Q: 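Here it is, the structure, as structure tokens.
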Amino acid sequence: MKTEETTPYSPHTIEKKWQQRWNKEEVYKTDSSLSANNTKYVLDMFPYPSGAGLHVGHPLGYIATDIYSRYLRMNGYSVLHPMGWDAFGLPAENYAIQTGVHPSKSTQKNIETFKRQINMLGLSYDWNREINTSEPDYYRWTQWLFLQLYKQGLVYKQKAPVNWCDSCQTVLANEQVKDGKCERCKHQIVQKNLDQWFFKITVYADQLLGDIDSLDWPESIKLMQRNWIGRSEGARVKFKVQSSKLKVDDKVDEIEVFTTRPDTLFGATYLVLAPDHKIIHDLKSQISNLKDVEEYIKMAKNKTDLQRTDLSKEKTGVELKGVTAINPVNNKEIPIWVADYVLSSYGTGAIMAVPAHDERDWEFARKYNLPIIEVIMPVEGESHKDEESRDTITAIVQRKEDNKYLIVKWKEFGWIAPPIGGIDNGEIPEETAVREVLEETGYKVKPIRKLGGKIEMHFYAENKNVWRKRFDQPVLCELISDKQDVVSNEEKSRHDILWLSQKELFEKVTHHYNLIGYERFIKNNYSYAGHGTLINSNEFDGMSSDEARSLITKKVNGKLTIQYKLRDWLISRQRYWGAPIPIIYCDACGIVPVPEEQLPVELPTDVDFNPTGESPLVYSKAFHNVICPQCQSPARRESDTMDTFVDSSWYFVRYIDPKNAHEIASKELMKKWMPVDMYVGGAEHAVMHLLYARFITKAIRDIGYLEFSEPFTSLRNQGLILAEDGRKMSKSLGNVVNPDDVVKQFGADTFRLYEMFMGPFKDAKPWSTRSMVGLYRFLEKVWKIGNSGLKQGYNDELQKKISGLSKKVSSDIESFDFNTAIAACMSCVNTIIDVGVGKQQWQEFLVILSPFAPHICEELWSISGKTESITFEKWPHCVVKTSSTDTIRIDVQINNKSRGYVTIKRSAETQDNITKLIRDDSKLASYINDTYKVIKYISGEKIIIMVQ
RNA sequence: GCCGGGGUGGCGGAAUGGCAGACGCGCUGGACUCAAAAUCCAGUGUCCGCAAGGAUAUGUGGGUUCGACUCCCACCCCCGGCACCA
């Protein structure tokens, strides 16, 4: 292309010009008329307006939704694409403590910065719908929501052990505690018993779990939610408590446990209570070693969560002497222990320990010498008709010098297995093991002990041509001497002897040879946690775990139940900068909800922010003292505020109708827009925000305000943007990239393209300022083409490319593969530079590029003669040209190597013709000689394979 | 430990089971220039070769297939989440 004198690409002039114009003409204002159909709601997770301003990670998601929204508009949709501020929160309050600047002031200032930065990127938000959770107009409805939930019985107040952060001087929700530390300030969390408000999210546990399946969300997020909700099926079983001192009027006569494995009840050899279990207190008078017990409880209480969950440490516990429990299934007397490996907050806070079939109980039982009874026999394979049944042993022989194991390789069948043999009449398994090892290998061994219980195995014996069932007992043996006895020739001819390391065992030992037994042995863990066949369980012997669970539960009058890990949502915060909880305490009337017409309960301004452990609101006379709405006598207001996650659990509803003074949002408008079609944000909200929003949605639905159950139909996560050094961007490392600087240097369009081009949207990827020039160069090329007098011509090769481009970019935008969409645009521009472009084709190209780089495309669009904004231009839908259907491409492989392809008319597609084509193709012909022939030709897959 | 997601040039990354490395960065050489930037042209996985070309190559080892980055099995490593939930 000739280098003509054109105006240089000057992004700042163009971008400023178009941003002003879009703003003035309210191009992005939502068409909110009820008649508008084909609506889409595209939403970003709204930011907390921090003092640091916009970080380059924020726009990644915003640019993606902007591209998505622009694409949808061009496809005829009416798009709701709003932005707002999650403005309540601790940082603003902490800033106030340091500087004395009121949070509303600093927040307002931060919002201005954020907004300026967002606008500088040319993002197509409808600012008429801007919301701010810290404004009374907004939190009035947060409070209203609280009252609705209260009315529904979904809110309660309770003294409960809560997570207290001494640094933040407030409680935290379970979800906000990471590794026993405050998620925000990393301070150690302590447990405090406080009177706090809770939302009953657990009421919805079942629905929250069940509805996950229907969501178009990343599987990883769905899984995290499922795990967080943590549903387990099991049973509650009561154990009678027995004591030498037990009096008739004693209240405590039983302990209820929750177990997921009622089928193992015969193996329950002791009970364990959590250290803070109420029953311990009630049993006090019966416990003979009370001092030891109290000391243990005190020690356990002083442990931090981090210490308690340190799995590398041994479990500890203490027996309650003087009391015992009765296992209801066989009336056996078993000891009761207290140990902090049992949690009071899950199930009943008490467990039945089955050491033979639970790893933790096993570890504990071994340490304290508690009895271990096997009641489940593992089963490998499935049973078949006419099985032969035999009792066998597997001898596990370890050589001390090198820790290798004695293994036999069967020549005829290729099996690799330890010595195995049938137990003869009158033998005990240990004797069989010694005998078999000697017979097969000539080694003399002595038995050490049985490894766990028997294992039931079903397998096909190839050598005998029959299905077999074995009840196999693994026996650990020790080598007496390295010397081998003479082995009979018959045995020798059948197998070789190998010594394998642990690792090799897992790799080489073949199929049905006792892998369960091995694994349990090698991992030094003889508890078997899987299902199987019951043994040592009286009348239930021989049943499967599945059959036995309900029958045993029934026999002991237990109850089959479902247990969740999910706990109620603690929403009280002892801080100022949040929505006040709309509750009044009256000496006469008790807890009185603030009447709806008195909302909002506004935050006072006469407060001292310095944290005291109580809400700063306590010290505001104007706020604290109030008249009881019921009896008009003096009363006081609740001084706690709500967790900011309450604000963000419903904000997407308010965007629908942000200025409505009578309702949270008009039902008609909600019907029109909700639920959110596409929601984009970071994966760090996998369980908190996203679960809370789902819960609140279901709750409002049940109150009658919504007609759907899930707020976010589709969810996409953006990946983290790392610093150039590959580490996380952080102020302290000094590696933060400021979007202002980048835009100043390259312009917004380059910035947008770069962030989308960096790599897959959902992946973490490092920033590279150096690589940005590539995108700038690309736009310079685009600029040059757009400014060099366009021909009227029409180029076939290019038209094919542009049709393909429209298809490629469409599908890439829909699947959030923005990086490859941009690559395709670049490739197209390279073609244009090579072959030239006609005006109409150029305009089509601009439309395709415009969602990514709207400013330059608007400018070139107008330079090309258009007067309307490109915003609502119709997206060029590729007409799939069918002219090429009668020719097909046949890839050619010669001697298993792809060498090229030939194109042929479908009608002429015969092997002879193809053979000729290959011979005529100079490149392909160079790979063949005169005697070559086509050996295989797969028409449907367009593949041809030949051998010379 | 368990559950996810990944391992492809110097770098970011492309590849419905069909010519691996698209696109971009960087680098090398050349053109333009007094010179340098910018721009343009050519090249760029590795090894052998003057070249044509050949060999080799997608974490490691096996397997399925005419054909494997892609599917299956085992292992190693990295990232993220959960973690005594009975």
Side-chain angles (χ1 to χ4, degrees), chain A residues 1 3 8 178-179 218-224 226-228 230-232 234 257-261 264 268 272 274 308-313 315 339-343 345-354 357-361 363-364 503 506-508 523 525 529 563-567 683-684 686-687 719-720 753-754 757-760 762-775 777-778 780-781 784 817 819-830 833 889-893 895-901 923 926-927 935-938 941-947:
Chain A
M1 179 176 291
T3 35
K178 291 261 139 74
D179 296 331
E219 281 306 315
S220 57
I221 302 274
K222 288 165 66 165
L223 200 73
M224 276 191 238
R226 286 190 193 106
N227 291 342
W228 193 265
R231 178 190 145 109
S232 325
V257 304
F258 172 74
T259 176
T260 53
R261 296 295 301 276
T264 63
V272 191
R308 199 187 56 73
T309 54
D310 184 355
L311 297 177
S312 62
K313 293 234 170 72
K315 300 186 191 335
D340 65 358
Y341 80 90
V342 173
L343 306 170
S345 52
Y346 183 76
T348 62
I351 63 155
M352 63 178 215
V354 185
H357 304 290
D358 182 281
E359 209 180 313
R360 297 152 299 182
D361 298 343
E363 190 194 327
F364 194 77
K503 204 184 146 196
F506 281 109
E507 285 169 19
K508 298 195 173 151
K523 297 193 174 160
N525 168 22
Q563 186 70 43
Y564 296 94
K565 282 195 224 173
L566 184 70
R567 289 176 232 165
E684 67 273 17
V687 277
L720 220 57
L753 282 174
Y754 175 67
F757 187 68
M758 287 173 80
K762 64 175 195 306
D763 289 2
K765 43 210 171 270
W767 185 268
S768 167
T769 301
R770 213 163 59 163
S771 299
M772 285 203 46
V773 301
L775 287 303
R777 283 179 198 154
F778 166 64
E780 274 188 318
K781 287 185 199 170
K784 255 187 207 162
D817 293 315
N819 55 334
T820 49
I822 292 168
C825 291
M826 287 173 164
S827 180
C828 187
V829 162
N830 292 340
I833 289 169
R889 195 178 113 152
I890 296 169
D891 291 294
V892 178
Q893 288 181 26
N895 291 337
N896 279 348
K897 266 204 152 39
S898 294
R899 292 301 189 185
Y901 61 89
K923 189 186 164 199
S926 71
Y927 292 105
I935 59 154
K936 191 161 185 180
Y937 168 54
I938 307 159
E941 300 191 22
K942 302 182 213 159
I943 307 297
I944 192 162
I945 296 118
M946 311 182 317
V947 170

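Here is the naming used below: chain letters follow the sequence lines, and residue numbers restart at 1 for every chain. These numbers come from a predicted model, not from an experiment.
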Q: The side chain of A/Ser220 lies closest to which of these nucleotides: B/G4, B/G13, B/A86?
A: B/G4
Q: Under 4.0 angstrom, heavy atoms only, what part of the nucleic acid is A/Val342 near: base, sugar-phosphate, or nothing?
A: base
Q: Just name whichever nucleotide pairs with B/G67, Watson-Crick or G-U, keeping both distances under 3.5 Å, else none.
A: none
Q: Under 4.0 Å, counting only non-hydrogen atoms across every strand here, what does A/Ser232 touch: a base, just sugar-phosphate, or nothing?
A: sugar-phosphate
Q: For B/U60 and B/C25, measure between their C1' atoms and round to the nearest Å.
A: 31 Å
Q: Taking the same atom, P, in B/C41 and in B/C23, what whole-Å distance lies between them?
A: 14 Å
Q: Within the distance-only criterion (no hydrogens, no angle test), does the side chain of A/Lys765 pair as donor or acceptor with the backbone N or O of A/Leu720 below 3.5 angstrom?
A: no
Q: Distance check needed: B/C2 P versus A/Leu223 CG, whole Å only.
A: 15 Å
Q: Would you list the protein and nucleotides 21-25 of chain B atom pairs, both N or O, that sit under 3.5 Å from each other?
A:
unit_1, atom_1, unit_2, atom_2, d
B/G24, OP1, A/Asn830, ND2, 3.3
B/C25, OP1, A/Arg777, NH1, 2.6

Q: Taking A/Asn819 for its side chain and A/Met758 for its backbone only, find out whether a donor-acceptor pair lies under 3.5 Å.
A: no
Q: Pair A/Glu780, A/Arg777 - check salt bridge (charged side-chain N to carboxylate O under 4.0 Å, His left out), show working.
A: CA-CA 5 Å; A/Glu780 274 188 318; A/Arg777 283 179 198 154; over 6 Å; no
Q: Using atom types as modelled and distance alone, determine if a side-chain donor or acceptor of A/Asp358 lies under 3.5 Å from a backbone N or O of A/Asp361.
A: yes
Q: Expressed in angstrom and rounded to an integer, what is the separation of A/Lys762 atom NZ from B/G80 atom C1'?
A: 13 Å
Q: Measure the distance from CZ on A/Arg231 to P on B/A86 and round it to the nearest whole Å.
A: 12 Å
Q: Would you say A/Arg261's side chain and A/His357's backbone share a donor-acceptor pair under 3.5 angstrom?
A: no
Q: Report the base-pairing partner of B/A20 (Watson-Crick or G-U wobble, both distances below 3.5 angstrom), or none.
A: none
Q: Pick one for B/G5: is it syn, with its angle within 90° of 0, or anti?
A: anti
Q: Can you list the steps and then say if A/Phe757 with A/Met826 is a side-chain contact (heavy atoms from CB on, under 4.5 Å)?
A: CA-CA 11 Å; A/Phe757 187 68; A/Met826 287 173 164; 4.1 Å; yes
Q: Check the surroundings of atom NZ in A/Lys222: do more than 12 heavy atoms from other residues, nucleotides or ligands lie under 6.0 Å from it?
A: yes
Q: Distance check needed: B/G1 C1' versus A/Asp358 CG, whole Å only.
A: 14 Å
Q: Looking only at atom P, what distance separates B/U28 and B/U46, rounded to whole Å?
A: 14 Å
Q: Who is the Watson-Crick or G-U wobble partner of B/C40, with both distances under 3.5 Å?
A: B/G30
Q: Take atom C1' in B/C48 and the same atom in B/U58, then report the distance between them in whole Å.
A: 22 Å
Q: State whether A/Tyr341 and A/Lys315 meet the cation-pi test: NZ (Lys) or CZ (Arg) under 6.0 Å from the six-membered ring centroid, and within 45° of the perpendicular axis.
A: yes
Q: Could you work out the separation of B/C32 and B/A37 based on their P atoms and round it to a whole Å?
A: 15 Å
Q: Identify, between A/Glu219 and A/Met224, the residue whose nearest nucleotide on RNA chain B lies closer to the 5' end.
A: A/Glu219
Q: For B/A83 and B/C47, measure between their P atoms and round to the nearest Å.
A: 49 Å
Q: Going by purine N1 to pyrimidine N3 plus the second Watson-Crick contact, or the G-U wobble pair, all under 3.5 Å, which nucleotide sits opposite B/G80?
A: B/C3
Q: Between A/Met758 (CE) and B/A14 (P), how many Å, whole number?
A: 13 Å
Q: Grab the CZ-P distance between A/Phe364 and B/C84 for me, whole Å please.
A: 16 Å
Q: Between A/Tyr341 and B/A86, is there a contact of a side-chain N or O with OP1 or OP2 at under 4.0 Å?
A: no
Q: Any strand counts, and the cut-off is 3.5 Å on both contacts for Watson-Crick or G-U wobble. Which nucleotide pairs with B/G53?
A: B/C48
Q: What interatomic distance, in whole Å, is found between P of B/C78 and the corresponding atom of B/C84?
A: 23 Å
Q: For B/A57 versus B/A20, give the span between their C1' atoms, rounded off to a whole number of Å.
A: 9 Å
Q: Atom CD of A/Glu363 and atom C1' of B/A86: how far apart are they, to the nearest Å?
A: 14 Å
Q: Now, which nucleotide makes the Watson-Crick or G-U wobble pair with B/A14, with each of the two distances under 3.5 Å?
A: none
Q: What does A/Leu343 touch in the nucleic acid at a heavy-atom separation under 4.0 angstrom: a base, only the sugar-phosphate, or nothing?
A: base
Q: Provide the Watson-Crick or G-U wobble partner of B/C75, both distances under 3.5 Å; none if there is no partner.
A: B/G59
Q: If you apply the rule ring pair (Phe, Tyr, Trp, His ring centres under 6.0 Å), what do you find for A/Trp767 with A/Tyr754, and how did you get there?
A: CA-CA 10 Å; A/Trp767 185 268; A/Tyr754 175 67; 4.9 Å; yes
Q: Can you tell me how far P of B/U8 sits from CG of A/Asp763, to the nearest Å?
A: 12 Å
